[in-house]
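A short write-up of the structure that comes next.
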Amino acid sequence: MGVPSAAAVAILSLTISFSAPLLGAQAVLPRSLYPEPLQAFRRWYAAEFDDYLLGPNPPGFFRGVIWLEFVFLWPIAVATFYGVLTRRPWVASTSLMAGVNTLTATSAILGDILGSGRATPKLLLSYVPFGVLGVIAILRGLCSCSQRIAVGSSPTSSARKKRV
């Protein structure tokens, strides 16, 4: 998949690494944990982009998505960003996990936004890129795994060849 997909996965991972604990988690954690500038930024974003999901009373499903993002996706995103930067072989697996989680969550969010009739171009522009980046992360994870299998570069096959 190459450098463009690695850059896209790095951008997705970096964005999630910062937005999940600093912005999204404000919907589920006590607001007293956050300094006033971060709370003000969330309020500004919700007002500027008409994002009712990050407003004062987020829907229940969104709280579940945020918990999943905060507990599962955030550590995976941090690991994926590190793996992309250091070119670790396991980054394909973490990229696949992050992509599937991101695409699933984004699909649920976009379904609610479009189904509720509250979709505005600005609001869609804040969520659709996550869906696109999620697809790229999935493809990068799948293509990286299939290339390693196709080449036959697994450690067990090369170890068998040396012993024979």
Side-chain angles (χ1 to χ4, degrees), residues 1-31 33-56 58-59 61-114 116 118-145:
M1 293 277 307
V3 174
S5 65
V9 170
I11 290 169
L12 175 66
S13 299
L14 186 63
T15 303
I16 291 168
S17 295
F18 284 103
S19 68
L22 298 179
L23 187 61
Q26 288 187 46
V28 295
L29 295 176
R31 295 213 168 93
L33 294 176
Y34 292 92
E36 180 54 37
L38 280 177
Q39 292 181 36
F41 177 73
R42 183 195 52 78
R43 286 190 302 269
W44 169 83
Y45 167 80
E48 181 69 24
F49 288 85
D50 297 324
D51 194 343
Y52 65 97
L53 297 172
L54 281 176
F61 91 93
F62 187 69
R63 290 175 187 256
V65 167
I66 292 299
W67 273 115
L68 181 64
E69 201 175 85
F70 188 59
V71 173
F72 176 75
L73 182 58
W74 179 56
I76 295 295
V78 172
T80 302
F81 185 69
Y82 170 76
V84 168
L85 289 181
T86 58
R87 298 181 184 192
R88 300 292 178 181
W90 46 259
V91 77
S93 299
T94 59
S95 176
L96 183 60
M97 287 187 279
V100 168
N101 187 297
T102 301
L103 184 60
T104 303
T106 304
S107 297
I109 290 168
L110 288 174
D112 187 71
I113 290 171
L114 294 171
S116 69
R118 295 179 171 180
T120 64
K122 273 181 139 178
L123 184 57
L124 290 174
L125 279 175
S126 67
Y127 285 104
V128 169
F130 285 101
V132 173
L133 291 172
V135 169
I136 292 170
I138 291 169
L139 292 174
R140 179 164 174 80
L142 290 175
C143 290
S144 296
C145 291

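Computed from heavy atoms alone, side chains included, the values below leave out hydrogens, waters and symmetry copies. Predicted model, so just to flag it, every value in this text is computed and none were measured.
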Subject >> Pair Leu124-Leu114, side-chain contact (heavy atoms from CB on, under 4.5 Å): steps then yes or no >> reply: CA-CA 9 Å; Leu124 290 174; Leu114 294 171; 4.1 Å; yes
Which atoms form the tightest heavy-atom contact between [X] and [Y], and what is the distance?
X	Y	value
Gly131	Leu103	O-CD1, 3.7 Å
Leu123	Asp50	CD2-O, 3.7 Å
Ala77	Ser13	O-CB, 3.3 Å
Ala98	Leu73	CA-CD1, 3.7 Å
Gly55	Pro58	O-CD, 3.7 Å

As an exercise, state the distance from [atom1] of [X] to [atom2] of [Y], rounded to the nearest 0.5 Å.
X	Y	atom1	atom2	answer
Phe61	Leu53	CZ	CG	5.5 Å
Leu125	Thr120	CG	OG1	8.5 Å
Ile113	Phe62	CD1	CZ	8.5 Å
Leu96	Asn101	CG	CG	11.0 Å
Phe41	Leu54	CZ	CG	10.0 Å
Phe81	Thr86	CZ	OG1	10.0 Å

Subject >> Parallel, tilted or perpendicular, as decided by the 30° and 60° cut-offs, for the rings of Trp67 and Phe70 >> reply: perpendicular
Original post:
According to the interplanar angle, ranging from 0 to 90°, do the rings of Phe49 and Trp44 count as parallel (below 30°), tilted (30 to 60°) or perpendicular (above 60°)?
Top reply: perpendicular
**OP:** Could you tell me whether Phe18 atom CZ has more than 12 heavy atoms of other residues or ligands within 6.0 Å of it?
**Re:** no
Original post:
Any ion pair linking Glu36 and Arg31 (charged N to carboxylate O, less than 4.0 Å)?
Top reply: no
Original post:
Of the options Gln39, Arg42, Arg43, which is the one that meets Gln26 in a side chain to side chain donor-acceptor pair (under 3.5 Å)?
Top reply: Arg42
Are the side chain of [X] and the backbone of [Y] linked by a donor-acceptor contact shorter than 3.5 Å?
X	Y	answer
Thr102	Gly99	no
Glu69	Ile16	no
Ser95	Ala137	yes

Original post:
Do Ser116 and Arg118 get their side chains close enough for a donor-acceptor pair, meaning under 3.5 Å?
Top reply: no
Original post:
Looking only at side chains, do Ser126 and Tyr45 share a donor and an acceptor under 3.5 Å apart?
Top reply: yes
Original post:
Given Tyr82 and Val91, is the side-chain contact (heavy atoms from CB on, under 4.5 Å) satisfied, shown in steps?
Top reply: CA-CA 9 Å; Tyr82 170 76; Val91 77; over 6 Å; no
Subject >> Leu29/Tyr34 under side-chain contact (heavy atoms from CB on, under 4.5 Å): CA gap, chis, key distance, verdict >> reply: CA-CA 9 Å; Leu29 295 176; Tyr34 292 92; 3.6 Å; yes
